[in-house]
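See structure below.
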There are 2 protein chains.
Amino acid sequence: MTITVDLVLLTIRGGQLQVLLIRRGIPPFEGAWALPGGFVLDDEDLDDAAARELREETGLEPRHLEQLATYGTPGRDPRGRVVTVAYLALLPDLPSPVAGSDAAGAAWRPYDDVAAGGLAFDHDRILRDGIERARSKLEYTPLAAAFCPPEFTIAELRGVYETVWRTRIDARNFHRKVTGADGFVEATGGTAIRDRGRPAALFRRGPATLLHPPLMRPAVGNPLAGADDIR
Amino acid sequence: MTITVDLVLLTIRGGQLQVLLIRRGIPPFEGAWALPGGFVLDDEDLDDAAARELREETGLEPRHLEQLATYGTPGRDPRGRVVTVAYLALLPDLPSPVAGSDAAGAAWRPYDDVAAGGLAFDHDRILRDGIERARSKLEYTPLAAAFCPPEFTIAELRGVYETVWRTRIDARNFHRKVTGADGFVEATGGTAIRDRGRPAALFRRGPATLLHPPLMRPAVGNPLAGADDIR
DNA sequence: TGAATAGTGTCTATAAGACAATATCGG
DNA sequence: CCGATATTGTCTTATAGACACTATTCA
């Protein structure tokens with residue numbers, strides 16, 4: 001059997017959640033969009049393979065990279081039995097769209113434009129699982145900062161939540177909650193004027209890795225949503 | 001490369017969290033304890049392979065079986081490059097310890113006796129990850145019922161939390177919270193006398209798959225615990 | 001000054017946790 | 001009745017969310 005890694009690379013650009021996709025130049029699924037990925041080398045750890053792919057596609061060192069899940073349904077790749085280990089990475093808005101990419105057809109695509117389906121292989125499902133992982137991890141980890149540059153304002157951090165969760169959050173309560181949560185963010189002392197209005201204090205990510213208590217997104221209508229038993 | 005599945009099978013017996021282990025009869029790690037597992041067949045989905053192993057080891061149909069993570073560090077198996085997809089299953093206390101097992105040396109072992117280490121391959125780490133997954137999923141899913149028989153009392157459900165979390169929970173507040181959470185448990189109408197005292201009402205698992213709000217274990221001292229970035 | 005954004009204070013509804021009180025069994 | 005466990009109720013405190021208010025900038 002063959003082992004590959006596939007990457008769900010997410011960022012926020014222009015107020016939209018975007019995902020890095022590659023336009024396939026060869027069959028199968030020629031011309032279709034796919035998640036970036038590649039083969040795991042013979043003597044390479046899975047995490048290292050994912051980090052290497054990330055470097056090759058974006059020219060970036062991993063900031064947050066975590067294993068998502070593994071997909072191995074027979075027939076998912078028409079060329080033969082391929083098991084893929086999917087990884088999720090969250091990136092700040094990059095200066096150049098895809099710096100240093102070795103894939104000619106790489107592009108950031110708004111998730112909303114892609115969510116309807118049409119990706120190669122089983123990448124629609126992998127992408128959906130990655131989005132859901134990101135959404136839920138914002139609740140109980142300080143991961144939202146991974147979408148931000150090293151120094152950011154509370155309003156920018158709030159924008160991450162609003163974009164990923166597709167909700168509107170009260171700026172004042174959010175400010176109190178985030179600055180009050182132990183180890184979530186640390187003031188740098190600096191300030192910045194992002195738009196009009198009073199300058200905002202700058203923060204960097206704090207040392208916490210878990211939020212107690214979590215920042216909860218509003219309850220999701222019915223309590224039966226989100227089944228995640230055996231796939 | 002070779003693909004295997006390994007199972008972290010957890011149950012609660014005698015007030016202890018226990019894990020199903022197999023004593024290895026052949027090298028490598030001959031004589032050591034290991035997680036049950038086996039090869040993924042050429043035309044078999046990963047989830048199906050895990051379910052098949054579960055049946056072979058316990059004679060049971062899966063009640064709760066979920067993918068845990070995938071481990072593929074070169075050298076983790078001295079025989080060659082083997083990538084293993086680990087699964088987590090939660091089982092009620094079984095009548096016969098390991099009914100229908102095809103592995104002669106299978107046994108339930110208290111997690112506390114095994115947590116110190118000594119398992120074959122990288123199974124110490126896989127087991128630890130499985131335990132942590134179970135602990136955290138009790139918070140925001142109704143999964144604790146997977147440790148119980150089809151009908152159970154609230155006190156038994158509370159015992160699951162107390163055992164897995166190693167905490168003591170106020171029986172009265174727990175009762176109110178669990179019976180009040182929408183879709184967590186449903187009264188069957190029956191009652192049962194488990195020990196001395198007033199008979200307890202029997203419940204079965206409800207339709208909810210997520211708890212809103214979650215049942216939180218007490219905050220874990222420092223906020224830096226629980227890192228789970230790239231491994 | 002006025003518009004705009006940042007940040008603080010206050011109030012209220014809700015939930016969590018402590019714990020009293022009542023219910024129902026076996027002996 | 002007594003001891004034990006189940007279940008309900010009450011009280012206190014903490015937190016979430018709504019929203020008034022103040023602060024600081026640019027135009």
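In what follows, chains carry the letters A, B, and so on, assigned in the order in which the sequence lines appear, proteins first and then strands, with residues in each chain numbered from 1.
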Got a sec, which pairs hit ring-ring contact (aromatic ring centres under 6.0 Å, His included) with one end in residues 149-173 of chain B, sequence neighbours left out?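 ring-ring contact (aromatic ring centres under 6.0 Å, His included) check on residues 149-173 of chain B returns Tyr161(B)-Trp165(B), Tyr161(B)-Phe174(B).
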In whole angstrom, what separates [X]'s [atom1] from [N]'s [atom2]?
X: Leu215(A); N: dT15(D); atom1: CG; atom2: P; value: 14 Å
X: Leu157(B); N: dT7(D); atom1: CG; atom2: P; value: 12 Å
X: Ile169(B); N: dA18(C); atom1: CD1; atom2: P; value: 11 Å
X: Arg217(B); N: dA16(C); atom1: CZ; atom2: P; value: 17 Å

With sequence neighbours left out, what residues match [X] under side-chain contact (heavy atoms from CB on, under 4.5 Å)?
X: Pro199(A); value: Thr191(A), Ile193(A)
X: Ala49(A); value: Val5(A), Val40(A), Glu44(A), Arg52(A)
X: Ala171(B); value: Arg158(B)

How many angstroms lie between CG in Leu91(A) and CD in Gln18(A), if you round to the nearest 0.5 Å?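 So the CG of Leu91(A) and the CD of Gln18(A) are separated by 12.0 Å.
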Within the 4.0 Å limit for protein heavy atoms, which parts of nucleotides 2-15 of chain C are touched? Write it as a string from 5' to 3', B for base, S for sugar-phosphate only, - for none. --BBBBB-B-----
Show which side-chain atoms of residues 109-118 of chain A pair as donor or acceptor with protein atoms under 3.5 Å away, not counting sequence neighbours.
from: Asp112(A); atom 1: OD1; to: Arg166(A); atom 2: NH2; distance (Å): 2.7
from: Asp112(A); atom 1: OD2; to: Arg166(A); atom 2: NH2; distance (Å): 2.4

